[in-house]
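Everything below concerns the one structure shown next.
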Amino acid sequence: MKSVRISQIGDFEDQEVQLNGWLYNKRSSGKLHFLQLRDGSGIIQCVVFKGDVAPEIFELCGHVGQECSLAVAGSVRKDERSPLGYELGVKTVEVVGESSEYPITPKEHGVSFLLDHRHLWLRSSRPHAILKIRSEICKACRDFMEERDFTLIDAPIFTPAACEGTSTLFETDYFDQKAFLTQSGQLYMEAAAMAFGNVYCFGPTFRAEKSKTRRHLTEFWMIEPEMAFCDLKKDMEVAEEFVYYILKRVLEKRREELKVLERDIEALEKVTLPFPRLSYDEAINRLQDLGSDIKWGTDLGGDDETILSKQYDSPILVHRYPLDVKAFYMKEDPEDSRLALCVDMLAPEGYGEIIGGGQREDDFAILTRKINEHELPFEAFKWYTDLRKYGSVPHAGFGMGIERVVAWLCGLKHVRETIPFPRMLQRLYP
RNA sequence: UCCGGCGUAGCUCAGCUGGCAGAGCGGGUGACUGUUAAUCACUUGGUCGUUGGUUCAAGUCCAACCGCCGGAGCCA
């Protein structure tokens, strides 16, 4: 008999098939058992009628536990009462693997309990929907880069030094020296951009920051494009087109999952190109008008980002922050030496920063001075300054945090649900 | 690191001015031919986070510690 996936069940109406899956839930009513079977592609109700199956099969179905794995055979039939449109009229059931007292019941659970059981929680409909959307977003990212002729260049995970200061790095032994887990692939992408033109990396990054907020993980995934012969203006255009492309893909392909998550889809459909652009100066004035006590020269706080982004339906691009609050590699604005040619993209609905990027300092003398001013070890960055000695060109790029984009598109309060196995200040298990 | 809050059954929680440890869900048994987090009956289940203190008596009051949650800073 043919084994089929639940998502394909409509192609087999009135045919006998075998389904392989796990028992999601069960209800009984005298001479009937209703088995909700889950196989990762969908959930279907399998109806076991006492008159249709052997007595020992009916008895067995009364005692199978939640998440018991089953091979169920029967006939596919259309049924208006089913959310799927079809159910299975069961002929035989075989237990593949027993399960009893499964910890995650259909009732409510707390965050800590669910995260302690993340390896099992993945089976539930909500994590399932989120991770399907994450998968779609990752694919959209790669498709966009592929279509725009970006070359995938994988950045190293072990690095000899920080790119933005050492306080937030995970340190590890590397034979007879120290190594750090990467907090960005950007510097390596700059080298690669000089070789390939347009490049990107996509992988995990690590921050040892002891931050406990809904927007932070110690291990998170970032996609970092870098473009040679590119200025801030073009950088912002690529960034907005990229985010819009991802959004459209999710709306097109993952509507069912958004519904499971009860996402306000209309809010996502309001996003249009081009995204509003605000200079840092304008943002500060705007925030002060809205009642914030923020002063020129400081970075935007979480509350400020929320207040600002709630003024718009689309993500916004805030550009040209004060040089002093930004990393050493940011290029100075030739029109105002207090400013950096950088940009942050803030997602709407208060989701905050999803992209940070900008034009890089391409002058050898200025970059060397900046490294010293930031008290960074020059030896560790010697290779990086070489890029300014041998055919330096204007170049720019950005980094997008995948988890924050997933949180925004899914409408989630906390990024811990956007990654299969979150790593946080208080969590390294499972 | 700082500021708040919470630790009671497998889970979610109630437990008042200190006086016999509780509910719902889950697990088990049974009833029911159409259930949708099924329903109904019975039943099972406890080192009240840890240590110390006050008291005739502490889940309850006090102290310290541990764990977790929320927020801030920093960032994607």
Side-chain angles (χ1 to χ4, degrees), chain A residues 24-36 43-52 58 62-63 65-67 79-84 87 89 99-117 120-121 124-125 163-165 167-168 182-186 202 204-224 239 243 298-306 321 325-327 343-347 351-357 398-408 413-416 418-419 424-427:
Chain A
Y24 196 67
N25 202 0
K26 180 186 71 178
R27 287 176 284 272
S28 296
S29 181
K31 296 190 172 69
L32 286 168
H33 294 304
F34 301 98
L35 310 178
Q36 314 294 134
I43 297 176
I44 190 171
Q45 175 159 275
C46 302
V47 182
V48 186
F49 176 52
K50 198 169 186 175
D52 288 347
F58 189 80
H63 292 277
Q66 191 187 352
E67 287 303 319
D79 195 299
E80 312 244 317
R81 291 166 292 193
S82 157
L84 188 69
E87 59 179 31
S99 171
S100 64
E101 306 202 29
Y102 184 71
I104 302 176
T105 64
K107 294 283 179 178
E108 61 187 317
H109 298 284
V111 172
S112 295
F113 177 81
L114 288 170
L115 285 173
D116 282 342
H117 296 82
L120 302 176
W121 189 25
S124 302
S125 60
C163 69
E164 300 179 17
S167 63
T168 63
T182 182
Q183 61 179 182
S184 166
Q186 181 201 315
F202 189 10
T205 50
F206 308 86
R207 305 270 168 103
E209 188 65 43
K210 290 192 173 178
S211 51
K212 276 183 60 179
T213 82
R214 63 184 59 175
R215 311 223 267 249
H216 287 86
L217 299 168
T218 56
E219 179 181 317
F220 65 97
W221 282 62
M222 192 152 65
I223 182 163
E224 296 175 277
V243 169
T298 59
D299 213 341
L300 267 53
D303 286 347
D304 298 316
E305 288 184 356
T306 301
Y321 283 68
V325 300
K326 290 293 177 181
V343 61
D344 283 357
M345 185 187 292
L346 308 184
Y351 280 93
E353 185 180 352
I354 52 173
I355 279 179
F398 59 86
M400 186 181 82
I402 294 300
E403 288 75 17
R404 287 186 180 177
V405 173
V406 177
W408 164 46
K413 282 202 218 85
H414 201 300
V415 292
R416 63 190 163 209
T418 65
I419 189 165
M424 295 179 290
L425 187 55
Q426 307 288 356
R427 181 163 299 278

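Proteins come first, then strands; the chains are lettered A, B, ... in the order of their sequence lines, and each starts at number 1. Nothing here was measured: the structure is a model prediction, and the numbers come from that model.
- If you take atom P in U35(B) and the same atom in C6(B), they sit 44 Å apart, rounded to whole Å.
- For Gln36(A) and Gly301(A), each mapped to the nucleotide of RNA chain B holding its nearest heavy atom, the one lying further toward the 5' end belongs to Gln36(A).
- Between the OH atom of Tyr24(A) and the C1' atom of A37(B) there is a distance of 10 Å, given to the nearest Å.
- For the pair Asp79(A)/Gln45(A), no side-chain contact is recorded, criterion being any heavy-atom separation below 4.5 Å from C-beta on.
- Side-chain N or O atoms of Arg404(A) include none that pairs as donor or acceptor with a backbone N or O of Tyr351(A) at under 3.5 Å.
- On a pure distance criterion of 3.5 Å, a polar donor-acceptor pair joins the side chain of Gln45(A) and the base of U35(B).
- Heavy atoms of Phe49(A) sit under 4.0 angstrom from at least one base atom.
- Using a 4.0 Å cut-off, some side-chain N or O of Lys210(A) falls inside it from OP1 or OP2 of U1(B).
- Side chains of Thr182(A) and Phe206(A) form a contact here, defined as non-hydrogen atoms less than 4.5 Å apart.
- Rounded to whole Å, the P atom of G45(B) lies 14 Å from the corresponding atom of G22(B).
- For Lys212(A), taking side-chain heavy atoms from C-beta onward, the closest of the listed nucleotides C69(B), G30(B), U35(B) is C69(B).
- By the side chain to side chain donor-acceptor pair (under 3.5 Å) test, Glu224(A) is found to be paired with Ser184(A), residues two or more places apart in sequence or in another chain being considered.
- A donor-acceptor pair under 3.5 Å is absent between the side-chain atoms of Ser211(A) and the main chain of Thr213(A), judged by distance alone.
- At a threshold of 4.0 angstrom between heavy atoms, the contacts of Ile354(A) are confined to the sugar-phosphate backbone, with no base atom among them.
- Contact annotation: Arg427(A) does not reach the phosphate of G67(B) (side-chain N/O to OP1 or OP2, under 4.0 Å).
- Counting to the nearest Å, the P atom of U39(B) and the CZ atom of Phe34(A) are 14 Å from each other.
- A straight line from CG of Leu120(A) to C1' of G10(B) spans 13 Å, rounded to a whole angstrom.
- Of all nucleotides present, only C69(B) satisfies the Watson-Crick or G-U wobble test against G4(B), with each distance under 3.5 Å.
- Comparing the C1' positions of G24(B) and A9(B) gives a spacing of 12 Å, expressed to the nearest Å.
- Using a 4.0 Å heavy-atom distance criterion, His117(A) is classed as making no nucleic acid contact.
- A side-chain donor-acceptor contact under 3.5 Å links Tyr24(A) to the backbone of Ser125(A).
- Residues Arg207(A) and Phe220(A) are in side-chain contact: their nearest non-hydrogen atoms beyond the backbone lie under 4.5 Å apart.
- Base-pair partner of C61(B): G53(B) (Watson-Crick or G-U wobble, both distances under 3.5 Å).
- Checked against C32(B), C11(B), C74(B), the side chain of Ser28(A) finds its nearest nucleotide in C32(B).
- Rounded to an integer number of Å, the gap from CG of Leu425(A) to C1' of A72(B) is 14 Å.
- In this structure C48(B) sits in no base pair that meets the Watson-Crick or G-U test at under 3.5 Å.
- Nucleotide C42(B) forms a Watson-Crick or G-U wobble pair with G28(B), both donor-acceptor distances falling under 3.5 Å.
- Note: NZ (Lys413(A)) to C1' (G71(B)) measures 14 Å, nearest angstrom.
- Between Trp121(A) and Leu115(A), the closest side-chain pair of non-hydrogen atoms falls below 4.5 Å.
- As rounded to the nearest Å, A58(B) and C20(B) have P atoms that lie 12 Å from one another.
- The side chain of Leu217(A) has A76(B) as its nearest neighbour among G34(B), A76(B), C74(B).
- Taking the P atom of each, G59(B) and C16(B) are spaced 12 Å apart, rounded to whole Å.
- Between the side chain of Glu108(A) and the base of G24(B), no donor-acceptor pair under 3.5 Å is found.
- Residue-level contact check: Thr213(A) touches the bases, meaning some heavy atom is under 4.0 Å from a base atom.
- Separating the CD atom of Glu80(A) from the P atom of G34(B) is a distance of 19 Å, rounded to the nearest angstrom.
- Residue Ile402(A) is out of contact with every strand shown, counting any heavy-atom pair closer than 4.0 Å.
- Using a 4.0 Å heavy-atom distance criterion, Asp299(A) is classed as a sugar-phosphate-only contact.
- Of the candidates U12(B), G34(B), C74(B), the closest approach to any side-chain atom of Glu209(A) belongs to C74(B).
- With hydrogens and angles ignored, a donor-acceptor pair closer than 3.5 Å exists between the side chain of Arg404(A) and the base of C75(B).
- The separation of G28(B) from U44(B), taken at their C1' atoms, amounts to 7 Å, rounded to a whole angstrom.
- A distance of about 23 Å separates the C1' atoms of C69(B) and C25(B), rounded to the whole Å.
- Nucleic acid contact for Phe220(A): base, since at least one base atom lies under 4.0 Å from a heavy atom of the residue.
- Using a 4.0 Å heavy-atom criterion, one finds that Glu87(A) contacts the bases of the nucleic acid, with or without backbone contacts as well.
- Taking the side chain of Ser112(A) as heavy atoms from C-beta on, and the options C68(B), U12(B), A37(B), the nearest nucleotide is C68(B).
- Taking the nucleotide of RNA chain B with the nearest heavy atom to each of Val111(A) and Lys31(A), the more 5' of the two is matched to Lys31(A).
- A gap of 15 Å separates the C1' atoms of G19(B) and C61(B), to the nearest Å.
- Counting non-hydrogen atoms under 4.0 angstrom, His216(A) reaches a base of the nucleic acid.
- Partner assigned to U35(B) is none, using Watson-Crick or G-U wobble distances below 3.5 angstrom.
- In this entry the distance linking CD of Gln426(A) with P of C66(B) reads 12 Å, nearest Å.
- Ring planes of His117(A) and Phe113(A): tilted class, angle from 30 to 60°.
- In the set C11(B), A72(B), U35(B), the nucleotide with an atom closest to the side chain of Asp303(A) is A72(B).
- Base contact: Ser211(A) has a heavy atom under 4.0 Å from a base atom.
- In this entry the distance linking NZ of Lys107(A) with P of A9(B) reads 19 Å, nearest Å.
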